[in-house]
A.B. asks: 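Here's a structure for you.
Every heavy atom of this structure was used, including side-chain atoms; hydrogens, water molecules and symmetry mates were not.
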Amino acid sequence: MPDISSLLEQASPREVTITVCLAGDTAGELEALEQELGQLGEWQPTSLGETNPAFELQERLDAARLRARESAVEFRFRALGHRAYSNLLAAHPAPTGSEEPYDAGTFLPAVLAACCIEPSLTPAQVDRLLDVVNDGTARILFQTALSVNEEPSPIPFS
């Protein structure tokens, strides 16, 4: 059986990377263009000189997708370790009567700043980020910060 010291030397905190599109306007444009394209249905020309409007819409959609990919940012999270995470939880106790184990208004931004390692975020930058992104994007960021600290590392099976 291996010595625990040699096993601990190989241990590392769990990491998770997600990709988030920070260009909300481009995401909205994508949705509108996809909806418009879907509403065209079967196009029938009324003259030989007409071109299918789907061609122009598809070009605009491709350009918007490219802008969305270019504005996508990878966020890499690293687990804090059991003690550091427990201390962070203890520093943000739940309000009386809350079902959550923490004060969501203070803990979630704090854990995001503490375990997001790329890009590195200060608490002030987390506040700015949360002022820009919508609730769905914020929830994905928070959920990733929670899961990297609370979920066990997956064990690959062969």
A.B. asks: Would you name the heavy atoms of Leu130 and Ala138 that are closest together and state the gap between them?
C.D. replies: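 Heavy atoms only, the tightest pair is CD2-CB, 3.8 Å.
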A.B. asks: Please evaluate residues Leu146 and Leu108 with respect to the criterion side-chain contact (heavy atoms from CB on, under 4.5 Å), reporting the C-alpha separation (whole Å), side-chain torsions for both, the decisive distance (0.1 Å), and the verdict.
C.D. replies: CA-CA 8 Å; Leu146 292 173; Leu108 293 174; 4.0 Å; yes
A.B. asks: Would a 4.5 Å heavy-atom cut-off, applied to side chains only, mark Phe75 and Val73 as touching?
C.D. replies: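 Sidechains of Val73 and Phe75: in contact.
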A.B. asks: Taking atom types as modelled and ignoring hydrogens, do the side chains of Ser147 and Glu150 form a donor-acceptor contact shorter than 3.5 angstrom?
C.D. replies: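 Their side chains do not contain a donor-acceptor pair, so the 3.5 Å distance test is not met.
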A.B. asks: Please round to the nearest 0.5 Å and tell me the distance separating atom CG of Leu112 and atom CG of Leu129.
C.D. replies: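 One gets 7.0 Å once the value is rounded to the nearest 0.5 Å.
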A.B. asks: Under the side-chain contact (heavy atoms from CB on, under 4.5 Å) criterion, do Glu31 and Gln35 qualify, and how do the steps go?
C.D. replies: CA-CA 6 Å; Glu31 290 172 357; Gln35 183 178 8; over 6 Å; no
A.B. asks: Any ion pair linking Glu29 and Arg67 (charged N to carboxylate O, less than 4.0 Å)?
C.D. replies: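 Yes, this pair counts.
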A.B. asks: Do Ile18 and Phe77 come within less than 4.5 Å of each other through their side chains, counting heavy atoms only?
C.D. replies: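 Yes; the side chains approach each other to less than 4.5 Å.
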A.B. asks: How many angstroms lie between atom CG of Leu7 and atom CG of Asp3, to the nearest 0.5 angstrom?
C.D. replies: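 Going from the CG atom of Leu7 to the CG atom of Asp3 covers 7.5 Å.
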A.B. asks: Could you check if a side-chain atom of Val148 sits within less than 4.5 angstrom of a side-chain atom of Arg78, using non-hydrogen atoms only?
C.D. replies: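 No, too far: nothing below the 4.5 Å cut-off.
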A.B. asks: Starting from the C-alpha separation in whole Å, work towards a yes-or-no answer on side-chain contact (heavy atoms from CB on, under 4.5 Å) for Arg76 and Glu15.
C.D. replies: CA-CA 7 Å; Arg76 192 171 79 182; Glu15 291 188 6; 3.5 Å; yes
A.B. asks: Within the structure provided, determine whether Asn149 and Cys115 are in side-chain contact (heavy-atom separation under 4.5 Å).
C.D. replies: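 Asn149 reaches Cys115 side chain to side chain.
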A.B. asks: Just how far is it from atom CD of Glu74 to atom OG1 of Thr19, taken to the nearest 0.5 Å?
C.D. replies: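 It comes to 4.5 Å.
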A.B. asks: If Ile, Leu, Val, Met, Phe, Trp and Tyr residues are connected whenever their side-chain heavy atoms lie under 4.5 Å apart, and connections chain through other members, are Leu30 and Val20 in the same group?
C.D. replies: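 No, it is not one cluster - the side chains of Leu30 and Val20 are not joined through contacts under 4.5 Å.
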A.B. asks: How long is the span from the OG atom in Ser6 to the CD atom in Glu9, to the nearest 0.5 Å?
C.D. replies: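 Ser6 atom OG to Glu9 atom CD measures 6.5 Å (nearest 0.5 Å).
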A.B. asks: Would you please test Leu88 and Val111 for side-chain contact (heavy atoms from CB on, under 4.5 Å) and show each step?
C.D. replies: CA-CA 7 Å; Leu88 189 61; Val111 74; 3.9 Å; yes
A.B. asks: Considering all heavy atoms of both residues, which atom of Ala94 and which atom of Glu100 are nearest to each other, and what is their separation?
C.D. replies: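 The answer is CB-O, 3.1 Å.
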A.B. asks: Say you draw a straight line from OG1 of Thr122 to CG of Asp127; how long is it, rounded to the nearest 0.5 Å?
C.D. replies: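 The CG atom of Asp127 is 8.0 Å from OG1 of Thr122, to the nearest 0.5 Å.
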A.B. asks: Quick one: closest heavy-atom pair of Pro93 and Asp103, and the distance?
C.D. replies: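 Heavy atoms of Pro93 and Asp103 come nearest at O-CB, 3.3 Å.
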A.B. asks: Using 0.5 Å steps for rounding, measure from the CD atom of Gln10 to the OG atom of Ser5.
C.D. replies: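 Separation between the atoms: 11.5 Å.
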A.B. asks: Could you tell me if the side chain of Leu22 sits less than 4.5 Å from the side chain of Ser71, heavy atoms only?
C.D. replies: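 No, their side chains stay 4.5 Å or more apart.
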A.B. asks: If you measure from the Lys or Arg side-chain nitrogens to the Asp or Glu carboxylate oxygens, is any gap between Glu34 and Arg65 under 4.0 Å?
C.D. replies: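 Salt bridge present between Glu34 and Arg65.
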A.B. asks: With clusters defined by side-chain heavy atoms of hydrophobic residues (ILVMFWY) lying less than 4.5 Å apart, directly or transitively, does Ile117 cluster with Leu121?
C.D. replies: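 No, no single cluster joins them.
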A.B. asks: Return yes if a side-chain donor-acceptor contact under 3.5 Å exists between Thr137 and Asn134, otherwise no.
C.D. replies: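 Side chains of Thr137 and Asn134: pair found under 3.5 Å.
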